[in-house]
Amino acid sequence: MRRTKSESEETRQHIVDAAETVFLDMGVSRASLERIAHEAGLTRGAIYWHFSNKQQLFNAMTDRVRSLHSALLETQIEETSTDPLGFIEERAFEIIRLFEEDEHTRKVYQIIVTRCEYVGEMQEALVWQRSLHDTMAAVFDRAFELAESRGELANGWDAKSASTMFHCFISGMLNDWLRYDFNSEFAKSVRCSLRCLLNCFGVSPR
């Protein structure tokens, strides 16, 4: 029984892998379960054994990466932290590493940002995307507020202006990364730019 469950789960993950490929290649609205079955080398019946419809398969794809970044994006700074700017720096570089190193995360966000029409049931994808953005923004906003309250921001910055600039950079960076092919040169440029920005806030570059 254990082996059967293990094999079933392996097949399920294989189907999700195939869905990632098809959604990215064709877009979510144009993709069909038949095309996903072909990509997976399975019958449509095998797909329906695990997923009732395309929406359920899409949800399984997003749920699979959710656990990878939830802890990262939701970790709040301790109110007693002695280094809020260091917290911002560490989390920012962890986000870059996540997108650089985890192919599933990169593909899923590419699909959500560039291959989805946010209509009908797919509006859930937009809600999820906004929720992640708001969660990440709240974490960084609080860290900037702590830095300001302790006089740790460089001259010319306050918590609101610094967090606004930071969010614009992170959002723009991820948007470009997801819309265009990732390569090592782009990643290098992102790290360099982020170090310069963090240095302006008063964070020593790594």
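The neighbour count for E10 CD, taken as heavy atoms of other residues, nucleotides or ligands under 6.0 Å away, does not exceed 12. Sparse packing is recorded around CD of E78, with 12 or fewer heavy atoms of other residues, nucleotides or ligands lying under 6.0 Å away. The 12-atom threshold is exceeded at CD of Q13, counting heavy atoms of other residues, nucleotides or ligands nearer than 6.0 Å.
A pairwise comparison of heavy atoms in A137 and H167 identifies CA-CE1, 3.5 Å as the closest pair. Summarising the geometry of L153 relative to D158, their closest heavy-atom pair is CD1-C, 3.5 Å, with the distance given to 0.1 Å. Across all non-hydrogen atoms, the minimal contact from C200 to A154 is O-CB, 3.3 Å. The minimum heavy-atom distance between S29 and K54, with the atom names listed, is O-NZ, 3.4 Å. Annotation for R97 and E94: closest pair NH2-CG, 3.1 Å, computed over non-hydrogen atoms. Considering every non-hydrogen atom in both A46 and I15, the closest pair reads O-CD1, 4.0 Å.
A 4.5 Å side-chain heavy-atom check between E117 and V28 finds every atom pair outside the cut-off. In this structure, D17 and H104 have side chains that are in contact, with non-hydrogen atoms separated by less than 4.5 Å. In this structure the side chain of H133 reaches within 4.5 angstrom of the side chain of S171, judged on heavy atoms. Residues V108 and R66 fail the side-chain proximity criterion, which asks for heavy atoms closer than 4.5 Å. You'll find the side chain of D25 stays beyond 4.5 Å of the side chain of E39, heavy atoms only. Side chains of I96 and M173 form a contact here, defined as non-hydrogen atoms less than 4.5 Å apart. Using a 4.5 Å cut-off on side-chain heavy atoms (C-beta onward), I36 and L42 make no contact. D83 is not listed as a side-chain neighbour of F87, based on a closest heavy-atom distance of 4.5 Å or more.
Using modelled atom types and a 3.5 Å distance limit, the side chains of Q55 and N59 yield a donor-acceptor pair.
The backbone N or O of E7 lies less than 3.5 Å from a partner atom in the side chain of T11, making a donor-acceptor pair. In this structure, W49 contributes its side chain and S8 its backbone to no donor-acceptor pair below 3.5 Å. The backbone N or O of L24 lies less than 3.5 Å from no partner atom in the side chain of K107, so there is not a single donor-acceptor pair. A donor-acceptor distance shorter than 3.5 angstrom exists from the side chain of S163 to the backbone of K160, with no hydrogens or angles considered. Proximity of a side-chain donor or acceptor of E148 to a complementary backbone N or O of A159 within less than 3.5 Å is detected. For the pair R106 (side chain) and E100 (backbone), a donor-acceptor distance under 3.5 Å is present. The main-chain N or O of V127 is never found under 3.5 Å from a side-chain atom of S131 such that the two would form a donor-acceptor pair.
One finds the CG atom of L174 at 5.0 Å from the CZ atom of F99 (value rounded to the nearest 0.5 Å). A distance of 7.0 Å separates CD1 in I47 from CG in L33, rounded to the nearest 0.5 Å. Between the CZ atom in F93 and the CD1 atom in I88 there is a gap of 12.5 Å [rounded to 0.5 Å]. Atoms OG1 and CZ, from T164 and F140 in turn, are 14.0 Å apart once rounded to the nearest 0.5 Å. The CD atom of E89 sits 11.0 Å away from atom CG of L197, with the distance rounded to the nearest 0.5 Å. I170 contributes atom CD1, which lies 12.5 Å from atom CE of M165 (distance to the nearest 0.5 angstrom).
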Report task. Take L194 and F166 through the test side-chain contact (heavy atoms from CB on, under 4.5 Å) and record every step on the way to the result. Result -> CA-CA 9 Å; L194 182 55; F166 180 80; 4.2 Å; yes
Could you give me the CA-CA distance, side-chain angles and deciding distance for R91 and I77, then say whether side-chain contact (heavy atoms from CB on, under 4.5 Å) is met? CA-CA 10 Å; R91 287 295 177 271; I77 185 171; over 6 Å; no
Applying side-chain contact (heavy atoms from CB on, under 4.5 Å), run through Q56 and H50 and close with a yes or a no.
CA-CA 9 Å; Q56 192 179 84; H50 294 274; over 6 Å; no
Q | Test log, rule side-chain contact (heavy atoms from CB on, under 4.5 Å), inputs I112 and F58 | A | CA-CA 10 Å; I112 292 174; F58 180 90; 4.2 Å; yes
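Relative orientation of the F144 and F201 rings is perpendicular, given thresholds of 30° and 60° on the angle between their planes.
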